Every structure is written in C-alpha cells, then in structure tokens.
Amino acid sequence: MTVREIRLYGDPVLRTPCAEIGEIDEGIRSLVADLIETVEVPGRAGVAAPQIGVGLRAFSYNVDGQVGAILNPRIVEVRGEPVPTGEGCLSVPNLWHDALRHPYARVHGLDVDGNEVTLEGEGLFAQMLQHETDHLDGMVYLQRLTKEARGIAMREVRESDWF
C-alpha cells in the first residue's frame with residue numbers, strides 16, 4: 001500500500017472518462033489498497049483513481065468514520081434540487097467554490113470481492129459520491145460551477161503556483 005501523488009488540474013487523465021473494471025485481480029486489489037491509504041491522509045473525503053493517474057472506475061472515501069472503496073460505481077438516484085455547496089478538490093488545491101450538488105445520492109457498484117454494493121447518503125456523503133463519480137466521468141468540480149464562479153475559479157487556477 002502506498003499514498004499516491006495526486007494529479008493536478010490540467011493533467012489529461014482528469015478529463016478522460018474512465019474504463020470499467022473487468023476482472024478483479026491483484027492489480028485491482030493493489031489499486032484499491034493505494035486508494036484507501038491515499039484517502040486516509042487527514043482532510044480527505046474521497047480519492048478517485050484518475051486522481052492518482054489510473055483511468056479505471058474506482059474511488060475511495062473517508063467520510064464521518066466510513067472508509068472504503070467502490071469499483072465501477074454509477075449514480076442510480078439523486079434527490080432534491082441541486083443546491084450550491086461549498087466544495088474543494090485535491091486536484092485543484094487551495095480553491096473553494098460552491099458547486100451545484102443534490103442533497104441525497106445513491107451509487108451502485110462492486111466491492112473488491114466482486115459483490116454488489118450500494119452507497120448512499122445525504123450531506124457530505126452525497127456530495128462526495130457525486131464529486132468522485134464526476135471524476136470517473138472525466139469531470140472536475142469546476143464544471144459544476146455557475147458561469148460567473150467558473151470564470152473566477154479559472155483565473156485563480158491560472159494564477160496559482162501549482163498550475
């Protein structure tokens with residue numbers, strides 16, 4: 001297990017939709033172990049595989065004491081009108097903006113043993129499910145901002161010392 005380096009906005013892997021995971025072999029198990037170790041760094045709620053340079057549909061989470069990972073997740077339900085929700089991203093460090101997120105989300109996928117699992121929740125957990133699934137679809141949260149907020153955020157990105 002290894003804490004992996006986070007890829008930053010501008011890296012093409014973050015804008016590319018991820019491939020489904022087929023066979024769950026030792027490589028996938030190692031990826032999951034790395035995702036979990038990487039999300040356990042304090043202050044992290046989720047880490048998607050593309051954020052560590054892997055174009056596969058998997059993410060780990062660490063919200064309110066729940067730590068785990070899911071393979072091939074798909075959002076199957078959201079509830080409530082999207083509301084502006086304060087959000088940041090490890091791949092866009094030091095920025096914080098209101099992204100539009102539903103207050104409830106449910107995701108279906110697989111665990112590392114190939115069993116079907118469902119993750120669901122409200123508030124921060126729902127936000128994490130939507131944020132990490134977006135990553136797997138090649139989307140960074142900046143795309144969820146209003147036009148005005150996106151313009152401000154993109155200026156902040158261009159002026160950042162990491163871009």
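Since we're looking at a predicted model, the values are computed, not measured.
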*If you take all heavy atoms of Leu71 and Ala58, which pair is closest and at what distance?*
CD2-CB, 3.7 Å

*Can you find a pair of side-chain heavy atoms, one from Leu110 and one from Asn115, that are under 4.5 Å apart?*
no

*Minimum heavy-atom separation for Gly46 to Leu90, with atom names?*
O-CD1, 3.9 Å

*With no hydrogens and no angle check, is any side-chain donor or acceptor of Thr133 less than 3.5 Å from a backbone partner on Leu129?*
yes

*Do Val78 and Val107 sit in the same hydrophobic cluster, where Ile, Leu, Val, Met, Phe, Trp and Tyr count as joined when their side-chain heavy atoms come under 4.5 Å apart?*
yes

_To the closest 0.5 Å, what do you measure between CD1 (Ile6) and CG (Asp11)?_
11.5 Å

*Any pair counted as salt bridge (Lys or Arg N to Asp or Glu O under 4.0 Å), so long as it reaches residues 83-93, sequence neighbours left out*: Glu87-Arg101

_One pair to check against salt bridge (Lys or Arg N to Asp or Glu O under 4.0 Å): Arg79 and Glu77. What are the steps and the verdict?_
CA-CA 7 Å; Arg79 279 192 229 142; Glu77 182 182 6; 2.7 Å; yes

*Point-to-point distance, once rounded to the nearest 0.5 Å, from CG of Leu35 to CD of Glu132*: 9.5 Å

*Thr85 and Gln127: side-chain donor and acceptor closer than 3.5 Å?*
no

*State whether the side chain of Trp96 and the backbone N or O of Gly86 hold a donor-acceptor pair below 3.5 Å, judged by distance alone.*
no

*About how many Å separate CD of Gln51 and NE2 of His135, when rounded to the nearest 0.5 Å?*
3.5 Å

*Nearest-0.5 Å distance that lies between atom NE2 in His131 and atom CZ in Arg144*: 11.0 Å

*Point-to-point distance, once rounded to the nearest 0.5 Å, from CG of Leu56 to SG of Cys18*: 7.0 Å

_Minimum heavy-atom separation for Gly121 and Ala126, please, with both atom names._
O-CB, 3.2 Å

_Shortest non-hydrogen contact between Ile24 and Val112, atoms and distance_ = CG2-O, 3.1 Å

*Would you name the heavy atoms of Ala69 and Val32 that are closest together and state the gap between them?*
CB-CG1, 3.7 Å

_Shared hydrophobic cluster for Ile70 and Val76 (ILVMFWY, side-chain gaps under 4.5 Å)_ = no

_Quick check on the hydrophobic clustering: are Val47 and Leu119 connected, directly or via other members, by side-chain heavy-atom contacts under 4.5 Å?_
no

*What distance separates Leu100 CG from Thr146 OG1, expressed to the nearest 0.5 Å?*
7.5 Å

_Hydrophobic clustering (ILVMFWY, side-chain heavy atoms < 4.5 Å, transitive) - are Val117 and Met128 grouped together?_
yes

*Residue pair Arg106 / Thr118, side-chain heavy-atom distance below 4.5 Å*: yes

_Asp25 side chain vs Ile28 backbone, donor-acceptor pair below 3.5 Å_ = yes

*asked:* In the structure I gave you, are the side-chain heavy atoms of Val140 and Val92 within less than 4.5 Å of one another anywhere?
replied: yes

_Is it the case that the side chain of Ser160 and the backbone of Val157 share a donor-acceptor pair, with hydrogens and angles ignored and the cut-off at 3.5 Å?_
yes

*For the hydrophobic clusters of this structure (ILVMFWY residues joined by side-chain heavy atoms under 4.5 Å, transitively), does one cluster hold both Val67 and Val63?*
no

_For residues 107-125, which residue pairs pass the salt bridge (Lys or Arg N to Asp or Glu O under 4.0 Å) check, not counting sequence neighbours?_
Arg29-Asp113

*Answer whether the closest heavy-atom distance between the side chains of Tyr9 and Leu142 falls below 4.5 Å.*
yes

*Sort and list the pairs that fulfil side chain to side chain donor-acceptor pair (under 3.5 Å) and have at least one residue in residues 33-49, not counting sequence neighbours.*
Arg4-Asp34

*For the side chain of Gln130 and the backbone of His102, is there at least one donor-acceptor N/O pair under 3.5 Å apart?*
yes

*Please walk me through it: do Arg15 and Gln143 pass side chain to side chain contact (heavy atoms under 4.5 Å, CB included)?*
CA-CA 11 Å; Arg15 297 294 295 237; Gln143 294 168 264; 3.8 Å; yes

*What pair of heavy atoms forms the shortest contact from Pro73 to Leu136, and how long is it?*
CG-CD1, 3.4 Å

*Is it true that atom CD of Glu81 has more than 12 heavy atoms of other residues, nucleotides or ligands lying nearer than 6.0 Å?*
no

*Does any non-hydrogen side-chain atom of Val41 lie less than 4.5 Å from one of Val3?*
yes

*Could you note down all residue pairs passing salt bridge (Lys or Arg N to Asp or Glu O under 4.0 Å) where residues 88-97 supplies at least one of them, sequence neighbours left out?*
none

*Kindly indicate, with the supporting measurements, whether the criterion side chain to side chain contact (heavy atoms under 4.5 Å, CB included) is fulfilled by Arg7 and Glu5.*
CA-CA 6 Å; Arg7 300 290 181 97; Glu5 182 178 341; over 6 Å; no

*Quick one: side chain to side chain donor-acceptor pair (under 3.5 Å) pairs with a partner in residues 57-70, sequence neighbours left out?*
Arg57-Asp137

_For His97, all residues meeting side-chain contact (heavy atoms from CB on, under 4.5 Å), sequence neighbours excluded_ = Leu95, Tyr141, Leu145, Ile152, Ala153, Glu156

